[in-house]
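What follows is one structure encoded as structure tokens, with my remarks underneath.
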Protein chains: 2
Amino acid sequence: MVFDSRTGTGLRQRTVESIGYRIIDSTYPPGHRFSNQEDLSAELGVSRTVVREALGLLRDKGLIESRPKSGTVVADRRSWNLLDSDVLRWSIAARSAPTTLGHVAEVRLVIEPQAARLAARRRSDEAAAELRAQYDAMAASVSDFNRYIEADLAFHDAVFRAAANPVLAQMAETIRVALEGSRQVTVQVPGGPATTIEHHARVARAIQHRDEAEAARAMTELIEVSTSHLLRLLRPPDGDGRSGGGADPDPDG
Amino acid sequence: MVFDSRTGTGLRQRTVESIGYRIIDSTYPPGHRFSNQEDLSAELGVSRTVVREALGLLRDKGLIESRPKSGTVVADRRSWNLLDSDVLRWSIAARSAPTTLGHVAEVRLVIEPQAARLAARRRSDEAAAELRAQYDAMAASVSDFNRYIEADLAFHDAVFRAAANPVLAQMAETIRVALEGSRQVTVQVPGGPATTIEHHARVARAIQHRDEAEAARAMTELIEVSTSHLLRLLRPPDGDGRSGGGADPDPDG
DNA sequence: GTCGTTCATTGGTGATATCATAAGATTAGT
DNA sequence: ACTAATCTTATGATATCACCAATGAACGAC
């Protein structure tokens, strides 16, 4: 039996997890041909139907392509759906974390300042209050890393919601997954929260005052600061070993 | 038999299509409880296994939630994965097209100028050549609407690729789906191509010359122009009935 | 009012049938 | 005899069916 005893998570999801992670992981590199579904079901210790469903999901995520006769092969990286929550999570968990996180940081830098700008333009009074509440929650939990991260995510989420564009908000979800993935790294930075809390305050204030330019500027600086923290951790100057254990796929902690 | 005789498309995919579209369509509004999988399979004329798999896919897209005993219900709009290609496509095809397209346009305005900026900063010589080639293809097909759209999509794709950030590039894919969905509308605008071709030239030139600011500016104007065209079509000035028939699910014409 | 029991419904399995296709075999043409 | 076109075959994906297991909601017993 390949899986551990966590029987509560849904067999198909675990199978997807198992295979998907190994693809991102390049245990199965692009072009790799899987053994047929029957053998796969034997190897994984699940029924062929589950394998089939899992493969279907994986194909939907762009990770594999399957044709009759030639079997199922790992697709080219180009066609992987990097915006899919699972794919993103696996990418970060796998050893390609620094690169992926760098790319995500860049995307954040593109999106979030503009989201803040839109939020400043269109915020409702409720949204402003919500934002304020989330900021207060952050300020209150500055000493508890986990709760701080939680509040941080909620804050950024509130900004996106204030921007009142569901498609944009969906991208927030993508970013959230990415940040969740980097959580175990982020919390290690000493004094991290203290340095960013003031930036968050600036963002909240600017949106409150409907100052679009300042909102965008503050958000940019905020992300630059936290990103530089993150990347400094991920790419240590003298290349010390990666953070303990690191590549733990752990589905949903 | 609910489905037509197109037996070549894959039964599961068609089932996903059928149910998924009706959800976005709010034929099945959030909170709607489906009849059990057995009855569903009877209604749709497919086996329960296929229903089961389709429901699994749909759940992965965040459209439904299913629990034992209480059955399968349509999830709240908030949890729909708007970035999923299918969901996005359905959203545009359904009667909510103008709104969705407006949101997408806004997102484009956020992302693409910055992508152009990054492209200008980091373009390789090959990427520049590719961009030039795509522009030439556009210029050459300015009279053939369909080919023009195709070249247009390829141009924007090339910009994203030149920016050398896979996560960003993935968002291009999302945008591509959105634009594909609006294609049948876009091609109706008289003289549309002629007005945007010059903007495309500016963008290509700026990236070629590594002029970041100009690249971003040119891209912004380009999108503003084409967006205003699009929205003018979608929201006719005097609020006459929506564009004829509009909500044609037609999976993949 | 609380606690089991029941039972409908989803989740998971295995066997079987069908269909598409790539590869091998066969045959015809040079 | 060698190549090329076509036919057959075998493999693996797709679809269906019948069952069993787990679950949790509703209902009735105490």
Side-chain angles (χ1 to χ4, degrees), chain A residues 1-20 23 28 31-75 79 251-252, chain B residues 1-20 23 28 31-75 79 251-252:
Chain A
M1 192 67 96
V2 170
F3 300 118
D4 30 331
S5 53
R6 301 175 47 193
T7 32
T9 326
L11 201 44
R12 183 186 52 204
Q13 201 52 38
R14 273 189 298 162
T15 308
V16 169
E17 202 77 27
S18 168
I19 301 178
I23 291 176
Y28 306 134
H32 170 85
R33 210 183 116 174
F34 285 103
S35 38
N36 64 37
Q37 298 184 347
E38 212 164 52
D39 292 351
L40 260 186
S41 92
E43 290 170 25
L44 296 170
V46 299
S47 81
R48 208 171 86 83
T49 307
V50 169
V51 171
R52 207 174 99 76
E53 288 183 6
L55 255 32
L57 247 358
L58 255 13
R59 192 181 33 188
D60 208 61
K61 296 180 192 300
L63 295 186
I64 61 175
E65 286 164 12
S66 42
R67 298 199 312 278
K69 182 66 182 178
S70 45
T72 300
V73 299
V74 176
S79 61
D252 30 11
Chain B
M1 192 67 94
V2 169
F3 300 119
D4 32 330
S5 53
R6 300 173 49 194
T7 32
T9 325
L11 200 46
R12 183 185 52 205
Q13 202 52 39
R14 273 189 299 163
T15 308
V16 169
E17 202 76 28
S18 168
I19 302 177
I23 291 175
Y28 305 133
H32 171 86
R33 211 184 116 173
F34 286 102
S35 39
N36 64 36
Q37 298 181 346
E38 211 163 53
D39 291 352
L40 261 185
S41 93
E43 290 170 24
L44 296 170
V46 298
S47 78
R48 196 172 89 91
T49 307
V50 170
V51 171
R52 223 166 78 77
E53 288 184 9
L55 255 32
L57 248 357
L58 255 13
R59 191 181 34 186
D60 205 63
K61 296 181 192 300
L63 296 185
I64 60 175
E65 286 165 12
S66 42
R67 297 198 313 278
K69 180 64 183 183
S70 45
T72 300
V73 300
V74 176
S79 61
D252 30 11

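All heavy atoms count here, side chains included; hydrogens, waters and symmetry mates do not. All chains are named by letter (A, B, ...) in the order of the sequence lines, taking the proteins before the strands, and each is independently numbered beginning at 1.
Asp60(A) CG to Leu57(B) CG: the interatomic distance, rounded to the nearest 0.5 Å, is 5.0 Å. Taking OG1 from Thr72(A) and CZ from Arg59(A), the interatomic distance works out to 8.0 Å, rounded to the nearest 0.5 Å. To the nearest 0.5 Å, the span separating CZ on Arg48(B) from CG on Asp39(B) amounts to 11.0 Å. The line from OG of Ser18(A) to CG of Leu11(A) is 10.5 Å long, rounded to the nearest 0.5 Å. Arg52(B) CZ to Thr15(B) OG1: the interatomic distance, rounded to the nearest 0.5 Å, is 14.0 Å.
To the nearest angstrom, C1' of dG12(D) lies 14 Å from CD1 of Ile64(A). Going from atom CZ of Phe34(B) over to atom C1' of dT10(C) covers 15 Å, rounded to whole Å. Remark: C1' of dT9(C) and CG of Leu55(B) are 12 Å apart, rounded to the nearest angstrom. The distance between atom CD of Glu38(A) and atom P of dT14(D), rounded to the nearest whole Å, is 15 Å. In this entry the distance linking CD of Glu53(A) with P of dT14(D) reads 13 Å, nearest Å. Atom pair Glu65(A):CD and dA13(D):P shows a separation of 14 Å (rounding to whole Å applied). The separation between Lys69(B) atom NZ and dC7(C) atom P is 10 Å, rounded to whole Å. Distance, Leu11(A) CG to dC20(D) C1': 15 Å, rounded to whole Å.
The shortest distance between the side-chain N/O atoms of Arg59(A) and the OP1/OP2 oxygens of dT14(D) is below 4.0 Å. Between dG24(D) and Ser70(B), no contact under 4.0 Å exists linking OP1 or OP2 to a side-chain N or O. The side chain of Thr72(A) places no N or O atom within less than 4.0 Å of a non-bridging phosphate oxygen (OP1 or OP2) of dG12(D). Listed pair Gln37(B) / dG11(C) meets the phosphate criterion, a side-chain N or O lying under 4.0 Å from OP1 or OP2.
Closest to the side chain of Arg52(B), from the set dA8(C), dT13(C), dT14(D), is dT13(C). In this structure, the nucleotide among dT14(D), dT13(C), dA8(C) sitting nearest to the side chain of Arg48(A) is dT14(D). Of the candidates dT13(C), dC17(D), dA13(D), dT13(C) carries the atom nearest the Val46(A) side chain, counting heavy atoms from C-beta on.
Residue Asn36(B) is the one, among Thr49(B) and Asn36(B), whose nearest nucleotide of DNA chain C lies closer to the 5' end (criterion: closest heavy atom). Where Arg33(A) and Pro68(B) meet DNA chain D, the nucleotide closest to each residue was compared, and Arg33(A) sits on the side nearer the 5' end.
In this model, no side-chain donor or acceptor of Arg67(B) finds a partner on the base of dG11(C) within 3.5 Å.
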